[in-house]
Structure formats: structure tokens, C-alpha cells
Amino acid sequence: MGYQTKKQIAGAQRRSLRKMREKLLSMAAVWEEQDQFNMNQLVELADRLETVAFAEAVQIVDGTMAVLMVADLWGKSTRQVAVDVAKARGFKMPRGFTRQTP
């Protein structure tokens, strides 16, 4: 396999995390009528995976030249612009994830 950039590696890993999340939610659905505890544990784990994928997407975008220019133009922080870009790319901002710099 050839050389992969950080962006390509991150993209592949985000797709893997999304597939894992889908599988966990599928597993949780099986437990829905049987055991609420197991179902809730699987859903919480799936939510954590989504948070990791979103945070990773924001981190990749934050600090790029385009984001710096847009942030300057709009008078926003680069993190706020990075979050907006990630959301525009189809990521859903998880509960508890803030737009502000960590």
C-alpha cells in the first residue's frame, strides 16, 4: 500500500468508526425488548464513537488556511468555523461537544 496522508488516514478511520457505530446501534436494537441495561450500554458506546469521529474531523479542519481566512472574514474563532465545516460535511455535533476551544 502506498503512502497515505494524515487526512486520508483520518478519513478512513472516521468511516470505520461510523461503521462500528452502526453495528453497535444494530446490536442495541436486538436488546431493546430484552434488557434495557445492555441496550443503553451499547447506545452510549455508539455515541462515544460519534463524538470521537466529530472531534477528529474538527481537529483536521481547524487551523487550515481556508478556515483561518474564513474565521478572520466572519470574525469567528477557527474552532467555530471548523465545527461549521464538519457539520456541513454531514457530521452531527454530539451532545456535550462545545464550539469553544477546549
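The distance from the CG atom of Asp47 to the CG atom of Leu42 is 11.0 Å, given to the nearest 0.5 Å. Distance check, rounded to the nearest 0.5 Å: CG of Leu45 to CE of Met27 gives 9.0 Å.
Under the 3.5 Å distance criterion, the side-chain polar atoms of Gln80 are matched with a main-chain donor or acceptor of Ser77. Within the 3.5 Å criterion, the main-chain N or O of Glu22 finds no donor-acceptor partner in the side chain of Ser26.
Side-chain contact between Gln36 and Met39 is present, with at least one heavy-atom pair separated by less than 4.5 Å. Taking 4.5 Å as the limit, some side-chain heavy atom of Lys76 sits within range of a side-chain heavy atom of Asp84.
Residues Asp35 and Phe37 approach most closely at OD1-N, 3.0 Å, considering heavy atoms.
Within a 6.0 Å radius of CD in Gln34, no more than 12 heavy atoms belonging to other residues, nucleotides or ligands are found.
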Is there a side-chain contact (heavy atoms from CB on, under 4.5 Å) between Arg18 and Arg15? Walk through the geometry before answering. CA-CA 5 Å; Arg18 282 186 170 165; Arg15 287 187 293 278; 5.7 Å; no
